[in-house]
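Got a structure here, written out as structure tokens. Questions coming.
Computation of the quantities below employed the complete heavy-atom set of this structure, encompassing side-chain atoms and omitting hydrogens, waters and symmetry-equivalent molecules. Ligands are counted one by one from 1 in listed order, and the atoms in each one are counted from 1 as well.
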Amino acid sequence: MNENYFDNAASTPVDPIVVQEMLPFLTEAHGNAHSIHSAGMRAMQAVELARERVAALIGAEDPDEVVFTSGATESNNWVLRSYGKIAISPFEHPSVAVTGCCVGAEVLRNQGEAIMPPTSSPDLVSVMWVNNEMGGILDVPACRTWARNVHSDLTQAVGKVPFDLKSICFGSLSAHKFYGPKGVGALYAHGGCNLDPLLAGGGQEHGARAGTLNVPGIVGMGAAAAIARDRQEQDFAHASELRAIVLDELSSVSDWRENRCSKQSPFVLNLSFLGLVGEALVVELDCVGYAVSAASACKSSSHGTSGVLTALGVPADWAKGALRISFGRANTKESARALGAALRESVSSLRAMR
Ligand code: PMP
């Protein structure tokens with residue numbers, strides 16, 4: 001694994017143990033999980049084990065509250081397209097923000113990181129647990145009184161920071177954010193899923209989600225969930241340590257700030273460097289072997305600055321210099337220190353060119 005890869009909020013590497021567990025289902029155990037012969041039953045057993053493991057990781061009481069999907073984007077779309085009147089937070093990932101726009105959702109106002117109540121009572125409110133750009137932990141439980149149904153995009157929280165499933169009805173997750181494969185995820189639905197399917201087709205997932213089950217992906221997600229459950233505290237402590245190291249390395253740099261919330265995931269570090277453009281720093285760091293991202297990569301306003309940072313009140317000339325560093329298991333204390341030093345160099349060389 002590459003210790004200089006610091007873009008783990010975009011995607012994590014697949015854990016080698018996960019690959020091992022997936023392999024048989026890509027080769028000899030290729031049965032369709034809905035076939036009634038032995039090959040089908042073997043696949044279905046593996047799917048049900050994965051469902052139990054994912055349920056255990058997120059703290060769902062019943063594994064049948066977990067429906068497998070192609071990822072958080074699908075899960076988010078599914079929930080938002082299932083209700084009439086919707087309100088969403090101003091900090092959402094595009095898979096909620098853009099879908100919300102398509103279905104005429106009210107975008108809630110905010111004061112700093114605090115989200116204001118909706119103007120009239122919606123059927124569903126959607127507020128992410130951890131923001132993907134700056135790692136801020138939002139106050140989802142506070143939204144419980146605003147609507148009968150609360151949805152939370154848990155993508156950046158699962159396996160990383162504690163969350164309370166009791167305060168939500170629906171939660172979205174993606175396996176590749178916790179060392180599982182891409183293209184597989186889940187929707188948590190309290191009490192079991194009674195939403196109409198997003199796509200018409202076969203009656204898979206107890207009629208909730210049509211389409212042949214992605215057995216290797218689901219098995220990989222289950223294996224990754226089991227590992228994440230065991231490692232959650234260790235991973236949290238590791239990310240906290242690496243974060244402090246990078247910040248320490250920047251102490252001699254001028255005109256930078258950390259963009260953060262009062263409650264913060266240690267896995268994401270969002271920094272702004274006055275006068276610099278985030279993408280330029282990403283390219284500079286890439287040239288010396290480090291993968292990071294510009295905070296604006298996923299959601300940008302018309303000025304090329306991050307809509308999330310703007311909503312949080314980060315001034316435009318700071319927001320355009322934002323950089324997201326996100327930590328993972330493969331990063332080491334040495335690589336974090338070296339990244340901090342490389343960042344220092346990149347900032348001073350880019351500033352010297354102005
Ligand atoms: N929500 C959040 C908060 C995310 O960070 C991401 C991935 N960038 C998604 C949703 C979408 O996940 P996927 O692309 O795996 O469907």
Problem set entry | ligand 1 atoms in contact with K177 (distance to a heavy atom under 4.0 Å) |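 Counting from 1, the qualifying ligand atoms are 5 (O), 6 (C), 7 (C), 8 (N).
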For this session: Between A72 and ligand 1, find which residue part has any heavy-atom pair under 4.0 Å and reply side chain, backbone, both or neither.
Result: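 The answer is both, backbone and side chain.
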For this session: Just jot down the ligand 1 atoms closer than 4.0 angstrom to any heavy atom of S95, in number order.
Result: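 Ligand 1 atoms under the 4.0 Å threshold to S95: 10 (C).
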Exercise. Is D255 salt-bridged to R351, going by a charged N under 4.0 Å from an acidic O?
Worked result: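 The answer is no: the pair does not qualify as a salt bridge.
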Problem set entry | N/O separation below 3.5 Å, D153 to ligand 1 |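 Yes; the residue has a nitrogen or oxygen that sits under 3.5 Å from a nitrogen or oxygen of the ligand.
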Exercise. Going by the atom numbers of ligand 1, which of them fall below 4.0 Å from some non-hydrogen atom of M128?
Worked result: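 Here the atoms of ligand 1 in question are 3 (C).
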Exercise. Between E258 (side chain) and L269 (backbone), is there a donor-acceptor pair under 3.5 Å?
Worked result: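 A pair under 3.5 Å: no.
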Identify each donor-acceptor pair in which a side-chain atom of residues 191-202 lies under 3.5 Å from a protein atom, sequence neighbours left out, and give them as a table.
none

List the atom pairs, donor and acceptor, that lie under 3.5 Å between side-chain atoms in residues 116-126 and the rest of the protein, sequence neighbours left out.
residue : atom : partner : partner atom : Å
T119    : OG1  : E106    : OE1          : 3.2
T119    : OG1  : E106    : OE2          : 3.3
S120    : OG   : K85     : NZ           : 2.8
D123    : OD2  : K85     : N            : 2.8
S126    : OG   : H151    : ND1          : 2.8

Exercise. Does an N or O from T73, backbone or side chain, lie closer than 3.5 Å to an N or O of ligand 1?
Worked result: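 N/O-N/O distance under 3.5 Å: yes.
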Problem set entry | F25 six-ring face occupied by R42 cation (under 6.0 Å, within 45°) |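 Yes, a cation-pi geometry.
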For this session: With heavy atoms of S174 as the reference, note each atom of ligand 1 found under 4.0 Å away.
Result: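 It comes down to these atoms of ligand 1: 12 (O), 13 (P), 15 (O), 16 (O).
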Exercise. Y188 pairs by side-chain contact (heavy atoms from CB on, under 4.5 Å) with which of V158, I58, V67?
Worked result: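 That would be I58.
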Problem set entry | Proximity to ligand 1 by part of E74, non-hydrogen separation under 4.0 Å |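 Neither part.
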